[in-house]
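Everything on this sheet refers to the single structure shown next.
Ligands are counted one by one from 1 in listed order, and the atoms in each one are counted from 1 as well.
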Amino acid sequence: MSRMAGDRPRVLSGIQPTADSFHLGNYIGAVRQWVALQETHDAFYCVVDLHALTNGEWDPAELRQRSRVAAAQLLAAGVDPHRCTLFVQSHVPEHTQLSWVLTCLTGMGEASRMTQYKDRVARYGAERIGVGMFTYPILQAADILIYRADQVPVGEDQRQHIELTRDLAQRFNHRFGDVLVVPEPYILKATGKILDLQDPTAKMSKSSESQAGVVDLLDEPAAITKKVKRAVTDTDTAVRYDPETKPGVSNLLTIFSVLTDRPVAELEAAYDGMGYGALKTDLAEAVVGFTSPLRERTLGWLDDSGRLDDVLAAGAAHARKVAAETLTHVYDAVGFIQPRE
Ligand code: AQP
């Protein structure tokens with residue numbers, strides 16, 4: 001079922017409040033695209049607090065605070081509630097309602113093939129993983145499908161989950177009629193995977209055991225400078241973009257390029273023969289120059305939590321209207337009796 005002709009294409013994306021701050025990977029890989037897409041798309045962005053329960057261990061007060069920080073950081077980064085719908089996932093119960101229907105259409109085999117789940121099992125053992133960790137890609141599919149989103153701006157790590165979402169939408173439509181929109185991933189190749197500064201074979205991640213290679217957007221300037229200057233590079237000295245053989249330096253160039261709006265080739269030429277020290281010093285300055293005002297704006301939103309909650313309430317009200325309409329169609333299509341008005 002398509003939306004009305006002439007509508008702008010719709011995007012949906014979410015971010016988990018699983019840390020005290022987003023990191024540069026979240027910003028460069030996802031949030032930056034969110035800000036750009038709200039100009040051209042009907043954009044729905046959410047703090048996916050339900051997903052934050054999937055590791056089975058959370059502190060209620062901490063989760064509440066992190067959800068507010070996440071929303072404040074999105075607003076500080078340029079997500080504009082006048083241009084998009086910004087809300088908290090748990091404020092829209094239709095996500096979980098659709099999720100149940102999709103769960104019943106998902107095979108154990110396909111859910112077991114999700115690499116994030118397999119990585120957790122490899123790391124901690126299946127006995128120590130909760131069922132929520134196993135089923136959360138289905139909830140993520142519901143997050144997307146409930147808005148009939150056309151595109152999903154995410155980092156590369158989410159590609160497999162978007163594939164599952166597409167499969168579930170197609171399966172649903174095949175069995176019950178053309179109700180859901182089959183979404184496309186929106187992943188920018190150059191910036192879809194920002195690497196850990198200490199381990200350039202791994203993505204920068206909130207849940208990394210060591211935070212030494214993870215630059216949080218709320219880090220103090222001195223901590224950022226230290227992390228950038230200690231970034232692992234290689235034994236060569238050439239400042240050259242080559243993700244295969246020089247992943248550490250290439251990662252620094254990508255971050256530098258995004259934050260300064262200078263093409264990578266221009267940076268390579270500018271630092272030719274200067275070694276990694278100069279590159280790191282200037283990159284540290286660029287990161288601090290970017291994060292400092294963002295930090296101020298985030299703290300400003302957190303100081304005015306009434307205003308923040310108003311923004312989230314308005315976002316949830318709009319999101320619920322859209323989500324409820326899809327859910328009505330889904331429930332009808334699968335054979336549930338519509339409740340009397
Ligand atoms: N290193 C990264 N490079 C590019 N994009 C990234 N994203 C995450 N890490 C990178 C993208 O950020 C968005 C929000 O991520 P999330 O909060 O939903 O969780 P995640 O993908 O699992 O990211 P983390 O930081 O690694 O969190 P934890 O450790 O809690 O699992 C997504 O679009 C993601 O692709």
Side-chain angles (χ1 to χ4, degrees), residues 11-37 43-58 62-63 66-67 69-71 73-74 77 79 88-89 95 114-120 123-124 129 132-133 136-137 139-141 143-144 149 151-163 165 183-211 213-219 227 231 243 247-248 250-252 254-255 257-259:
V11 290
L12 173 291
S13 200
I15 189 154
Q16 302 186 64
T18 41
D20 295 327
S21 170
F22 299 162
H23 54 69
L24 264 184
N26 297 134
Y27 175 73
I28 294 174
V31 175
R32 195 165 156 271
Q33 276 64 260
W34 297 14
V35 175
L37 288 167
F44 287 73
Y45 300 133
C46 54
V47 175
V48 287
D49 51 352
L50 298 174
H51 289 286
L53 310 189
T54 50
N55 76 3
E57 288 165 16
W58 70 92
E62 187 179 63
L63 175 60
R66 285 177 166 181
S67 296
V69 171
Q73 282 194 290
L74 290 175
V79 168
V88 174
Q89 183 191 26
H95 291 229
M114 296 296 112
T115 51
Q116 288 203 359
Y117 164 72
K118 288 202 297 193
D119 287 349
R120 297 278 168 150
R123 220 191 306 169
Y124 304 109
I129 308 259
M133 178 57 73
Y136 98 88
L139 176 59
Q140 190 179 337
D143 298 336
I144 298 163
Q151 288 172 312
V152 191
V154 284
E156 186 59 49
D157 60 326
Q158 295 297 326
R159 188 184 289 279
Q160 193 190 27
H161 291 165
I162 309 302
E163 266 312 308
T165 304
E184 299 283 344
Y186 180 94
I187 302 172
L188 298 188
K189 195 166 184 295
T191 54
K193 187 175 179 183
I194 298 300
L195 307 173
D196 187 295
L197 298 192
Q198 282 300 307
D199 176 6
T201 61
K203 74 159 194 153
M204 196 177 277
S205 178
K206 294 191 216 90
S207 57
S208 292
E209 263 157 43
S210 162
Q211 290 297 298
V214 179
V215 176
D216 280 341
L217 298 183
L218 289 178
D219 272 346
K227 286 176 183 178
S250 303
N251 190 42
L252 297 184
T254 300
I255 296 170
S257 169
V258 167
L259 297 188

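Taking every non-hydrogen atom of I15 and a distance limit under 4.0 Å, the qualifying atoms of ligand 1 come out as 14 (C), 17 (O). When each atom of ligand 1 is checked for a heavy atom of G29 under 4.0 Å away, the hits are 4 (C), 5 (N). Residue-ligand proximity, V154 to ligand 1, at heavy-atom distances under 4.0 Å covers atoms 33 (O), 35 (O). Residue G192 approaches ligand 1 through these ligand atoms, each under 4.0 Å from one of its heavy atoms: 3 (N), 4 (C), 5 (N). For ligand 1, the atoms lying closer than 4.0 Å to a non-hydrogen atom of Q158 are 21 (O), 35 (O).
Ionic pairing of E62 and R66 is present here: one or more N-O contacts between side-chain nitrogen and carboxylate oxygen are shorter than 4.0 angstrom. A salt bridge is absent between D157 and K193: the closest approach of a Lys/Arg side-chain nitrogen to an acidic carboxylate oxygen does not fall below 4.0 angstrom.
The nearest heavy-atom contact from the protein to atom 17 (O) of ligand 1 is K206 NZ, 2.4 Å. Counting protein heavy atoms only, atom 34 (C) of ligand 1 is closest to D157 OD1, 3.4 Å. With hydrogens left out, the protein atom closest to atom 22 (O) of ligand 1 is Q16 NE2, 3.6 Å, a heavy atom. Ranking protein heavy atoms by distance to atom 29 (O) of ligand 1, first place goes to S207 OG, 2.5 Å. Ranking the protein heavy atoms by distance from atom 5 (N) of ligand 1 puts G25 O, 3.2 Å first. Annotation: atom 30 (O) of ligand 1 to nearest protein heavy atom, T18 OG1, 3.1 Å.
Considering backbone and side-chain atoms alike, S208 places every N or O at 3.5 Å or more from each N or O of ligand 1. Checked by distance only, ligand 1 and T191 stay at 3.5 Å or farther apart across all their nitrogen or oxygen atoms. Inclusion of L195 in the set of residues having an N or O under 3.5 Å from an N or O of ligand 1 is not warranted. For ligand 1, one of its N or O atoms has an N or O atom of H23 under 3.5 Å away.
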Subject >> From CA spacing to verdict: salt bridge (Lys or Arg N to Asp or Glu O under 4.0 Å), D196, K203 >> reply: CA-CA 5 Å; D196 187 295; K203 74 159 194 153; over 6 Å; no

**OP:** Verify side chain to side chain contact (heavy atoms under 4.5 Å, CB included) between E209 and R123, making sure each step is shown before the conclusion.
**Re:** CA-CA 12 Å; E209 263 157 43; R123 220 191 306 169; 4.1 Å; yes

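With a 4.0 Å cut-off on non-hydrogen atoms, N26 touches ligand 1 through its backbone as well as its side chain. The part of A30 lying near ligand 1 is the side chain, judged by heavy-atom distances below 4.0 Å. By the criterion of a heavy-atom distance under 4.0 Å, both the backbone and the side chain of M204 are placed next to ligand 1.
Under a 4.0 Å heavy-atom criterion, H51 is not in contact with ligand 1.
Taking the six-membered ring where tryptophan is involved, the planes of Y136 and H161 are perpendicular, since the angle between them exceeds 60° and thus also 30°.
Using a 3.5 Å distance cut-off with no hydrogens or angles, the side chains of H51 and Q16 do not pair a donor with an acceptor. Under 3.5 Å, the side chains of H23 and D216 contain no donor-acceptor pair of N or O atoms. Defined by atom type and a distance below 3.5 Å, a donor-acceptor pair is present between the side-chain atoms of S21 and Q73. No side-chain donor-acceptor contact under 3.5 Å links Q160 and Q116.
Across every non-hydrogen atom of V47 and A71, the tightest pair is CG2-N, 3.9 Å.
The closest heavy-atom contact to atom 26 (O) of ligand 1, among the options A202, S205, P185, G155, comes from S205. For the residues R159, R120, K203, the heavy atom positioned nearest atom 20 (P) of ligand 1 is part of K203. Relative to atom 1 (N) of ligand 1, the option among I194, T254, D196 with the closest non-hydrogen atom is I194.
A 4.5 Å side-chain heavy-atom check between L195 and T201 finds every atom pair outside the cut-off.
To the nearest 0.5 Å, atoms NZ (K227) and CG (L197) are separated by 8.5 Å.
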